[in-house]
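What follows is a single structure, written as C-alpha cells, with notes after it.
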Amino acid sequence: MTRKRLAVITGVRTPFCKAGTVFKDYDADDLGAFALRETLERSGLPDHYIDEVVLGCVAQPVDKMNVARIVALKAGLPYSIPAVTVHRNCASGMESISYAWNKMLSGEIRIALVGGTESMSNIPLLFNKEAVDFFAQLQKAKTFSDRLKALFSFRPSMLNPRIGLMEGLTDPHCGMIMGLTAEVLVREFKISRQEQDEYALLSHQRAVQAQKEGKFKDEIVPVPLPPHYDTFQSDDVGPRENQSLEALAKLKPFFDKKNGTVTAGNASQVTDGACMLLVTLESKARELGLSPLGYIRDSAFAGLEPHRMGLGPAFATACLMQKSGLSLSDFQLVELNEAFASVVLANQRAFASRDFCQRELGLSEAMGELSLEKLNVNGGAIALGHPVGTTGARLVLTLLYELRRRGLQRGLATLCIGGGQGAAFCVEVE
Amino acid sequence: MSQAWFLKEIDKGVFELGFDTPEKKVNVLNSETLSEFEKILDECYQDRSIEVLIIRSLKPNVFIAGADIKEIEDLKDPREATDKARAGQKILQKIHKAPFVTLAAIDGVALGGGLELALACEFRVASDSSRTQLGLPEVNLGIIPGFGGTQRLPRLIGLIPALEIILQGKSVDHQKAYRLKLIDDYFPQEFFEEKVYEWAGNLKNRSFRQKILGKRKRPLFSRVLEKPPLDQIVYKKTREQLDKKLKGFYPAPYKALEVIRSTLNGSLEKGLEIEAIEFGKLAVTEICKNLIRLFYINEELKKDPGVPEDVPSRQVKEMGVVGAGVMGAGIAQLFAYYDKPVRVKEIDRNALERGLKWVSQYLTKARQRKRWSLYEFHRKLALMSYTTSFEGWQRKDFVVEAVIEDFEIKKRVYQELEEVLGPSAIIATNTSSLPIQDLQEGLKVPERFIGMHFFNPVPLMPLVEVIPGPRTSPEVIATTVQLAKELKKTPILVKSVPGFLVNRILVPYFIEAGHLITEGESIERVDQVLLQFGMPMGPFTLLDEVGLDVGTKVLFVLEKAYGERMKAPQIYRVLSEDRELLGKKTGKGFYLHEKSQKSRQKPINPEVLNKISKIQRELGISPTRFAPDIIRDRCILIMVNEAFRCLEEGVVKNERYLDMAMIMGTGFPAWRGGLVQYARLRGFSDVVKTLRTFAERYGERFQPANLLVEEARKEEMERNG
C-alpha cells in the first residue's frame, strides 16, 4: 500500500553555530522561534491553518519542558494551536515529520509546522549523586547539630559536575559514548585514520564551496546576533576554508585515547541550530493551490545493536527499499548524516557489500555504491555541525533544495540514531 | 439630588459605607458627594454600635477617581480655592479622628482625592486587580494634592517614596503599594468582599490592629532621612532632578516639594493649612487651567473613533513594514513591542541590517526600561522577521510603507503589494510630505489606502497623524485609529494637505529661525530664546539632532507647495548641499559635536558662520541683532498664523486637537496649553497687531490669517462688551 505523499510547502533553518559561540545566549526555544516565524511568513498561510506544531529536541531546556509549545508561543502563534515535542535522539527532527504525517493520514490534523531545535550550548551541568544526597541531607536537617553534621559531610568531589552533554551522548545500555560506537565501526570495517580525515576534509571543502556559491542562502534565515542584536548571523560557522589534512592529522583521538582514530576533527560538531518545515498532505497542498518545495514519499525506521548504532542508515534504508520497491539507483542524491566520518565510510562499505546486505539486512543483493558524486554533495555535519534534534529536518530541507537546484527528482535522507536505530526518508521534488 | 453614600451593617459592630456617585461611571468627590459624606459621618459618630467602618465603592473597578476636575477648573479666586481644600480636609479629618476604626477597601482606581480619603482612614486594603491603581496625579493638572495628600502620604510611607508618587504624579499597583506599606494587605479580587469583611471583623480585635500597625514600622535609615540634617540632602537632590526634567517650567511639583519640606516635621494641622494655601494659589493659575484643558482634550481624543460610531474597526495582528530606515524600523519594533508579529521588507540584506540597528537600539532601551527578562526580550525579537521579497505577504492584515519620499518608488511598492495582499489588507503610508490623494490614485483597491504618519523617534513621540485620502473607506480609518491607540499613541485625524498638520505648522518656525540668523542674529541666541519659551530644543539644535538632510527635505517640499510664504532661507539650501554638515551624524552641523565634548553648550561651527557671512554679502544684508521678544514672536507667531490657516481650511477637527497635536508632535510646551491657547491667552488682538507690524518689517509671510483676524475682532467685541 502506498502512502499519500507528504508535501513540504516551505522550510527554513537558522545558521548552525558551534556550541558555546555566537548563539550561546539563545536557548533552544529562541532558535526554534526564529525559524518557525520565518517558515510561517514564507508560507503565506494564516495562523489558523496550522493544526499543530511538532518539534524534535533531544536536550530539552529543563525550564522549557515541551519546548515545542514554547517555540510556538514565542513565535507569536495563537494560544489555540497545540504543540508537542517528540524525541528519537538524533532523528528527532525526522520523527517530527513522520509523527505529523501519520496524524494527517489518520485524519487528526491537516497542516503542521514540524522540525527540530537544539541549543547544545545550554545543556546544563548536573550535580553528581553525592552532591544531591548532600543537599537532601542538609534540607532534611532540623536541628542545629543535624545541620552541622550534614555540613561536615561535604566533600570537594561533590563539586565535580556531571556534564549533561557527555552523558546525553552516552548510551546507557551499552555504556558507550557515541564516539566509541564510531570506533566499533572503525574496527569492524577496518577504516583507517587517514580515510576518516580525508573524508572530514572533503566535508569542509564541499561546505565551503556551497557557502561560496550561496547554496545555503535560501534555506537559512539570518538571526540577530547576541549580545547586541544589531547585526545578522547569516552563515553557518562550522565550515573551515583553511582546513588541511595535516591539521586534522595532528588531532589526538578524543574517545579512545590509546588506540582510537575518531577525533574532534573527523566527528560532527557540537552545534546550536533549528530547522522548521511546513507540511501537509499532497492533496491538501493541491486544494490550497500551494506549490510545495517537495514531497516525502516514504519513511522507515529500523533498530540494531546499540553499540553499532552508526550502521543505522544501512538498516533503515534496506527497510525503506523493501517497503517502497525502490533501489539505491533510484536515488539521485543521498544525505547520510555525518555523525562521524567513520559512520559514513562504514555505511558506504555496508551498502556495497553483498555479504553484509545478505547477512545483516536479509537482502539478496548488495544495495549498491554510495558514490561521492551523489553523497553529501554540500558537506555535512562534520563541517556544518550536528544540533542533534534538528539535523533530521535539516537533511530533508538541504536535500530538497539541492535536488531542485540540480533538476533532479528523488533523494534519500538517512541518519544513524543513538541507542541503535536508523532512519531513512525518500524525498521527491515533483 | 439622589443619594451617593449607603450605610449598611455587615456584622455585629462592622459597618460598610458604600460610595456610588449617581449618574456617573466613576466615583468623584465633588461638593455634593462630600457634604453628604460629612453628614453621614456625623451620624456615624453618634452611632455607638459602630466599631469598624469600611469605606468602599459600590461601582466596579473604581474606588474613587478623585476630586471633580470641573470644580477645580471653575476656581477663579485663590482664597475660594483654599477654602475648598480646607473644607475637604476638614471632612477627611473627621475620618481620621473617628471614634471607630476606619478601613478603606480599594478595588480599582484610588486617585487624587480618592487616595487622600483612603489615607485618612486608619487602615487600607486593596484587591489584586490590574485595575487597582493608587496615586496622586494632581501635579499633572498643575496643582498639588489639597486634601492632605502632601501630609499623610510621607508620614505613612516615608519621604522618598512619597516624593516619588506625588512629584511624578504616577500611580502604583497593589504589589508596589503593599511593599511601600501604603496598603496593609491585599486580596484576590474574586474574593474581595468576603476577605474585606473578614479582615474588618478582625479589626475589632485590638491585638490584630496592633499587629498590623506594627508591620508599618519603617527601617531606621528611612526615618533618619526625613529628619534634619539628612533630609536637606534628599530635598536638594530631588530639586535637581526636577530641574533636569522640568527646567523650572512646571510649578506644581516644585511647590509640592516645598510644601513637604516645610511641613513634614511639624504638626499635621499646620501642614494641612499650608497645603491648602499653596493648593489655592496653584489652582487658579493659567498653567493649571491649561493642563486641565489638555486633560479634557486627551479624554476626548481617547474616545474619538475618528468616524461615526457605527463604523466597525477591525482587529489587525499580522503586520508588515516596507522600508527599514529609522522610521520603518521604529514602527516595526513598535508592533513587536505590542506583541504584533511584523515582517520587515527592504531592498537588500544590508538595508535590513541597517534597520536592525535601530530595532536593537530601541528594543534594548525598552528592555532596560521595562525590565524585560531575557525570555521576554527574545520573544519580542522573534516576532520580527526580515525579508527582501513579498513572498508570503498574503497573510498580512496591515502594511505600513515607510520607504524613501519618492512618489514613483512608493507607487511601485503599492503595485507590488496589491498583487500579493488579501483584499481586506490595509496599506498605510508613513509619508510626511506626499499628498495621500495622489498616492491613492490608481490603486486597485484605493479604499484600503491611508496615511499614518509617525514622528521621529517613534518610541518616544506619542502623536500619529491619520490622513485619509478622498477614497479611503471609513472602516479603514476606524481600524487605523484603533491600531494607533493599541500602540498607545494618540491618533489625530488630519486632512491631506502638504506637510499635513504638524510639519506644515512647524516648517515656518524653522524658516523664521533661518531668516533670523541670515539677518544677523546668533545661532545660540535663537536656540536659547526658544528654549526659554519652553520648546524642548532650539530649532538649530533640533536640526542637528535629526540631520540637516532629513530636516530640510520637508522644508523644500513645503516651499514648493506653499510658495512665497514658506520660501526657505538660502542658508538651509547651502547647508543641505554639503554632505559634511549634516549635524550630529557627521559630527558637525550648526554646532560642533565632538565626541569628547561633554559640556552642555556645544561650540558653534565656524564653517556655518562663514557661509552665513557669504550669504549676507551676496544679499547685501547688514547684520542686526534682535530683542529676545522679537526672536520669540517671529518664530512662535508665524506658527500661530499657520495654525489658523489650518483651522480655516479644516485640516484638523478643532483647535483643541491642533493644540494637542503640536504638543505631542513637536514638544510644544504643554504648560502653555498649545499654540492656539497661547495666542488666546496672549490676546488674539495683540497677536494680530504684532503680525501686522512684522508683515511690514520682515515680509508678507506674516500677514495674519483671516480666521485669526476674525478671532481678534470677536475678542475686541467681547472686551468692549
Side-chain angles (χ1 to χ4, degrees), chain A residues 9-10 12 14 23 25-50 61 63-64 70-78 119 122 214 217-218 220-235 274 278 288-291, chain B residues 315-320 324 329 333 335-336 338-346 348-367 373-397 420-422 424-425:
Chain A
I9 304 305
T10 184
V12 75
T14 68
F23 280 175
D25 293 343
Y26 283 139
D27 208 348
D29 54 319
D30 297 316
L31 296 170
F34 283 119
L36 192 149
R37 183 82 237 158
E38 181 68 16
T39 305
L40 191 60
E41 293 279 6
R42 286 190 191 181
S43 78
L45 293 179
D47 290 348
H48 68 266
Y49 275 57
I50 310 299
D63 54 346
K64 286 144 194 156
I70 307 303
V71 168
L73 294 182
K74 209 167 208 177
L77 281 192
S119 170
N122 286 295
K217 276 241 140 59
D218 289 338
I220 292 181
V221 53
V223 170
L225 182 64
H228 300 299
Y229 307 94
D230 57 353
T231 53
F232 286 112
Q233 178 66 39
S234 309
D235 295 314
L278 192 128
L288 292 174
L290 301 168
S291 36
Chain B
Q315 183 73 30
V316 289
K317 186 197 167 207
E318 286 292 333
M319 317 304 284
Q333 64 85 36
F335 290 146
Y338 287 102
D339 291 339
K340 292 183 183 294
V342 55
R343 192 153 178 86
V344 184
K345 152 93 167 62
E346 255 293 355
D348 57 32
R349 298 296 321 178
N350 288 337
L352 285 172
E353 190 147 301
R354 281 195 294 277
L356 182 66
K357 295 210 181 335
W358 289 110
V359 169
S360 75
Q361 185 188 322
Y362 290 150
L363 283 182
T364 304
K365 271 191 203 142
R367 180 187 174 189
S373 63
L374 192 63
Y375 182 93
E376 189 64 5
F377 178 59
H378 283 168
R379 189 173 73 78
K380 305 286 184 194
L381 287 178
L383 290 175
M384 306 187 68
S385 65
Y386 308 85
T387 181
T388 52
S389 84
F390 286 120
E391 180 195 352
W393 281 54
Q394 58 267 35
R395 61 195 310 281
K396 297 291 142 195
D397 300 323
V420 53
L421 290 182
S424 62

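Reminder, nothing fancy here: chain letters follow the sequence lines and each chain counts from 1. Side chains are part of it too, since the values below use all heavy atoms of this structure and drop only hydrogens, waters and symmetry mates.
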Side chain, backbone, both or neither of B/Lys340 within contact of chain A (heavy atoms, under 4.5 Å):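 Neither part.
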task: Report yes if some heavy atom in the side chain of A/Thr231 is under 4.5 Å from a heavy atom in the side chain of B/Lys357; otherwise report no.
output: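 In short, these two side chains touch, coming nearer than 4.5 Å.
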message: With heavy-atom distances below 4.5 Å as the criterion, would you say the side chains of A/Leu45 and B/Gln394 are in contact?
response: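 No; the side chains remain at least 4.5 Å from each other.
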message: Run the side-chain contact (heavy atoms from CB on, under 4.5 Å) test on B/Leu356 and A/Phe232 for me, step by step, so that the C-alpha distance in whole Å, both residues' side-chain angles and the decisive distance to 0.1 Å come before the verdict.
response: CA-CA 8 Å; B/Leu356 182 66; A/Phe232 286 112; 3.8 Å; yes
- prompt: With a 4.5 angstrom heavy-atom cut-off, which part of A/Leu40 approaches chain B: side chain, backbone, both or neither?
  reply: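 When you check distances to chain B, atoms from both the backbone and side chain of A/Leu40 fall under 4.5 Å.
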field: Side chain, backbone, both or neither of A/Asp27 within contact of chain B (heavy atoms, under 4.5 Å)
entry: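 It is neither, since no heavy atom gets under 4.5 Å.
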field: From CG (A/Asp230) to CZ (B/Arg354), nearest 0.5 Å
entry: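 Between A/Asp230 CG and B/Arg354 CZ, I get 14.0 Å after rounding to 0.5 Å.
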query: Which of residues 359-366 of chain B have a heavy atom under 4.5 Å from any heavy atom of chain A?
result: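 If one takes a 4.5 Å heavy-atom cut-off, the residues of residues 359-366 of chain B near chain A are B/Ser360.
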message: With a strict 4.5 Å heavy-atom criterion, list every residue of residues 380-391 of chain B that contacts chain A, or say none.
response: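 Against chain A, the residues of residues 380-391 of chain B that fall inside the cut-off (heavy atoms, under 4.5 Å) are B/Leu381, B/Ala382, B/Leu383, B/Ser385, B/Tyr386, B/Glu391.
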task: Please name the pair of heavy atoms, one in A/Gly44 and one in B/Arg395, separated by the smallest distance, quoted to 0.1 Å.
output: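 Distance-wise, the nearest heavy atoms are O-CB, 3.4 Å.
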task: State, to 0.1 Å, how close A/Pro78 and B/Lys317 come at their nearest heavy-atom pair, and which atoms those are.
output: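 Closest heavy-atom pair between A/Pro78 and B/Lys317: CD-NZ, 4.1 Å.
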message: Using a 6.0 Å cut-off, check whether atom NE2 of A/His228 has over 12 heavy atoms from anything other than its own residue.
response: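 Not more than 12 within 6.0 Å, no.
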message: If we define contacts as heavy-atom pairs under 4.5 Å, which of A/Ser234, A/Ser43, A/Pro226, A/Pro46 has the most with chain B?
response: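 The residue among A/Ser234, A/Ser43, A/Pro226, A/Pro46 with the greatest pair count is A/Pro46.
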message: Heavy-atom pairs under 4.5 Å with chain B: which of A/Asp47, A/Leu36, A/Val221, A/Asp29 has the most?
response: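 When all of A/Asp47, A/Leu36, A/Val221, A/Asp29 are compared, A/Asp47 has the most.
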- prompt: Among B/Trp358, B/Trp393, B/Phe377, who wins on heavy-atom pairs under 4.5 Å with chain A?
  reply: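 The option with the most such pairs is B/Phe377.
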message: By the side-chain hydrogen bond (donor to acceptor under 3.5 Å, both in side chains) test, which pairs, at least two apart or in different chains, include something from residues 30-40 of chain A?
response: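 Counting only pairs at least two positions apart or across chains, the side-chain hydrogen bond (donor to acceptor under 3.5 Å, both in side chains) contacts touching residues 30-40 of chain A are A/Asp30-A/Lys74, A/Asp30-B/His378, A/Arg37-A/Glu41, A/Arg37-B/Glu318, A/Glu38-A/Arg42, A/Glu38-B/Arg343.
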Partners passing side-chain hydrogen bond (donor to acceptor under 3.5 Å, both in side chains) against B/Arg379 (at least two apart in sequence or in another chain):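 Expected list: B/Asp339, B/Glu376.
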